[in-house]
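What's counted below: heavy atoms across the whole structure, side chains too, no hydrogens, waters or symmetry copies.
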Amino acid sequence: MPRQRTSVRVLDLPDRLLQQPSHVLFPSALQFSSGFGEAGWRSALLASNEHLIPRSLTLGFQAARAEVGGEAYLRSLLCGLRVHAGLLAGDREVVALVLQLGLAECLAPALLEQLLEAVPQHLRTVARPQVEVRLDAGSLREPEQLRAVGCTRLTVIDRPGTNGPGLLARAQPVGFTACYYQLRVPSRADPDYLQRLQRVIELGPARILLPAPCLAPTQPCAATWFGAWQQLVDAGYVPIGGDHYQHPDRAPPATARDAYRYCDVVGVPRRERTDFIGIGAGACSQAGEVLCRLDDDPARWQARMGGGHTGVVAGLILSEAEALANDAVQRIACDHALDVADFEWCNARPFAEVFEDARVRLGPCLAQGWAYWDGQVLRLRTEGILLWRIIAACFRPAQAPAPIQE
C-alpha cells in the first residue's frame, strides 16, 4: 500500500499518537452501570439465541488479577462455562477461544488441557476452533507445552527487559497455525524497543500488533511508537483491522463488503461478528448490543460461581444511536473506509440524519490529510489507518469532546 505522504503532515503524527482516545470500539468497563446485573445478562443471552441465523461464539477465559490456586480457579472457570452453556441455544457454535494474558501461568498445562476439553462437552464447536493463548514475553511457560494441550495460536506480548523475540522464536517451530507479537506503548525508559521489534520482524510472525493506547507507561515515547509503525510498514506488513498488521505473505486480498470483519471486545478482527462470552474474574462479554463485566475480585467471583451465578456486576445496553455509531466505528477500524450508501442500506437510516455533525468533527482529520472523501466513501490514507481511533471517534455521540482541534 503506498504511503501517500504528499498530502499528510507527517511531523504531526507522533504527537497525535498520544492524543488518541483510549476506548473507541467499545465503552470502557468503568462506564458500565452497576444497575445492570445477573438478570439483565441472562435476558440478553436468551434474546441473542433468537437470531434466524445463529450467531457464533467466541469464549474468552480471563486470569485473575491476584494470585489464586490453579485447581480452585479451574473449578470456578468450569462452573462459569456450565452456567453460560445453560443459557445458550444448542445450535450456536464456538468458533474461537482466547486464553487471556496470565491464564497459562495460573493454570498448569494439565489444567489448561482440562479446560479446553470441557468446552465441547458443554457447547457445540466447529471442527477446528481457533484457540489463542497470550503469553507475556517474560513467561517461563514453554510454547511446546501449550501446543501439546491444544492451543493453535500464540501471541507474545512485549515487555521491556525480556526476550520476547526469543520466546517467539521458540514458538514458531512447534506447530502453531500462527504466531503473533503484540507491542505495548513504548516507554522513554526502554531504549531497546525498536531493536526488539526489528528482531521480531526478521522472524516474520503472521501478525504484529501495534500498541493500544489504553495501557500506557508513565512516560510514553511517541517518537518510538511512530518509529515502530514505520518499521512495520517498511517491512510490508498490511493493516487488516484494529491494531493488527499481517505479514505480507499471509495478507488476504481486498475483499467485498460481505467479508466485512468485526473487532471483538478484546480487539481481534474477526471475519464475522460473534458474541463474546468472557469467563473469569473481571472478564467482559458482549451479546449483540449488550455488554457486561464480571466481578473482578477473585474470591467474590469464585463464590458467585459456586452459587451457580454468571458473576455479572455491571453492564450496558447500547442505545440505537450508540449501536449506529458502533457500526460506523467498526467499518473505519476494520475496512479503513466508510461507505455511506452501504451504511444506509444496512441500517435503513439516512447517514446525514444519524451523523448530523460528523462531517464537521471530521474537518480537522481531513485537513491533516489522514482521510478523504471519494464520492460517498470516506477513505483512510496509510497514516490515517495508524490514527483510526481519532477518525472513528468523530462518529461517537455529539456530546463527546472533539477528538482533535485545529
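- Checked against N163 for a side-chain hydrogen bond (donor to acceptor under 3.5 Å, both in side chains), the options R196, R199, R170 give a single hit: R199.
- In this structure, Q198 places its CD atom where more than 12 heavy-atom neighbours from other residues, nucleotides or ligands lie under 6.0 Å away.
- In this structure, CD on Q31 lies 12.0 Å from CZ on R293, to the nearest 0.5 angstrom.
- Using a cutoff of 4.0 Å between basic side-chain nitrogens and carboxylate oxygens, R349 and E320 are scored as salt-bridged.
- Checking D158, D243, D136 one by one against R184, the salt bridge (Lys or Arg N to Asp or Glu O under 4.0 Å) holds for a single residue, D136.
- For the pair L81/L123, a side-chain contact is recorded, criterion being any heavy-atom separation below 4.5 Å from C-beta on.
- Counting only distance, with no hydrogens or angles, the side chain of Q19 and the backbone of R16 share no donor-acceptor pair below 3.5 Å.
- At a cut-off of 3.5 Å, with distance as the only test, a side-chain donor of T155 or E132 sits close to an acceptor on the other residue.
- Side-chain N/O atoms of R207 and H244 include a donor and acceptor closer than 3.5 Å.
- In this structure the side chain of C284 never reaches within 4.5 angstrom of the side chain of L291, judged on heavy atoms.
- Side-chain atoms of W388 come within 3.5 Å of backbone N or O of G242 as a donor-acceptor pair.
- Among all heavy-atom pairs drawn from I390 and C365, the shortest one is CG2-SG, 4.0 Å.
- Residues D234 and W229 have side chains not in contact (no heavy-atom distance under 4.5 Å, counting atoms from C-beta outward).
- Distance alone, capped at 3.5 Å, is enough to place a donor-acceptor pair between the Q145 side chain and the E142 backbone.
- The main-chain N or O of A189 is found under 3.5 Å from a side-chain atom of S187 such that the two form a donor-acceptor pair.
- Side-chain contact between L99 and R134: absent, with no pair of heavy atoms (C-beta onward) separated by less than 4.5 Å.
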Please output the side-chain donor-acceptor pairs of residues 67-74 that fall under 3.5 Å, not counting sequence neighbours, one pair per line with the distance.
residue	atom	partner	partner atom	Å
Y73	OH	Q62	O	2.6
Y73	OH	A64	N	3.3
Y73	OH	A281	N	3.1

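- For F351, the ring-ring contact (aromatic ring centres under 6.0 Å, His included) partners at least two apart in sequence or on another chain are F343, F355.
- The backbone N or O of L17 lies less than 3.5 Å from a partner atom in the side chain of Q20, making a donor-acceptor pair.
- The neighbour count for E202 CD, taken as heavy atoms of other residues, nucleotides or ligands under 6.0 Å away, is above 12.
- At distances below 3.5 Å, at least one donor-acceptor pair connects side-chain atoms of D295 with backbone N or O atoms of D297.
- If you take CZ on F176 and SG on C151, they are separated by 6.0 Å, rounding to the nearest 0.5 Å.
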**side-chain hydrogen bond (donor to acceptor under 3.5 Å, both in side chains) evaluation trace for E93 with S56** = CA-CA 5 Å; E93 293 185 321; S56 55; over 6 Å; no
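- Judged by a 6.0 Å distance limit and a 45° cone about the ring axis, R359 is positioned over the six-membered ring of W373.
- Between the side chain of N326 and the backbone N or O of F26 there is no donor-acceptor pair closer than 3.5 Å.
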**Request:** Quick one: do W41 and H84 satisfy side-chain hydrogen bond (donor to acceptor under 3.5 Å, both in side chains)? Show the steps, please.
**Result:** CA-CA 10 Å; W41 181 238; H84 279 89; 3.2 Å; yes
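- Around atom CD of E322, more than 12 heavy atoms belonging to other residues, nucleotides or ligands sit under 6.0 Å away.
- For L362 against L378, the heavy-atom pair with the smallest separation is CD1-CD2, 4.0 Å.
- For Q246 (side chain) and R250 (main-chain N/O), a donor-acceptor pair under 3.5 Å exists by modelled atom type.
- Between the OG atom in S48 and the CG atom in D275 there is a gap of 5.0 Å [rounded to 0.5 Å].
- Of the possible polar contacts, none joining the T125 side chain to the V94 backbone as a donor-acceptor pair under 3.5 Å is found.
- The closest donor-acceptor contact from the side chain of Q172 to the backbone of C179 lies at 3.5 Å or more, if one exists at all.
- Of all the heavy atoms in P27 and F32, the pair that sits closest is O-CE1, 4.1 Å.
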**Request:** List the steps, then state whether side-chain hydrogen bond (donor to acceptor under 3.5 Å, both in side chains) holds for R153 with Y180.
**Result:** CA-CA 8 Å; R153 299 191 180 194; Y180 304 158; 2.4 Å; yes
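- Each of L135, I157, V156 was scored for a side-chain contact (heavy atoms from CB on, under 4.5 Å) with Q182, with one residue passing: I157.
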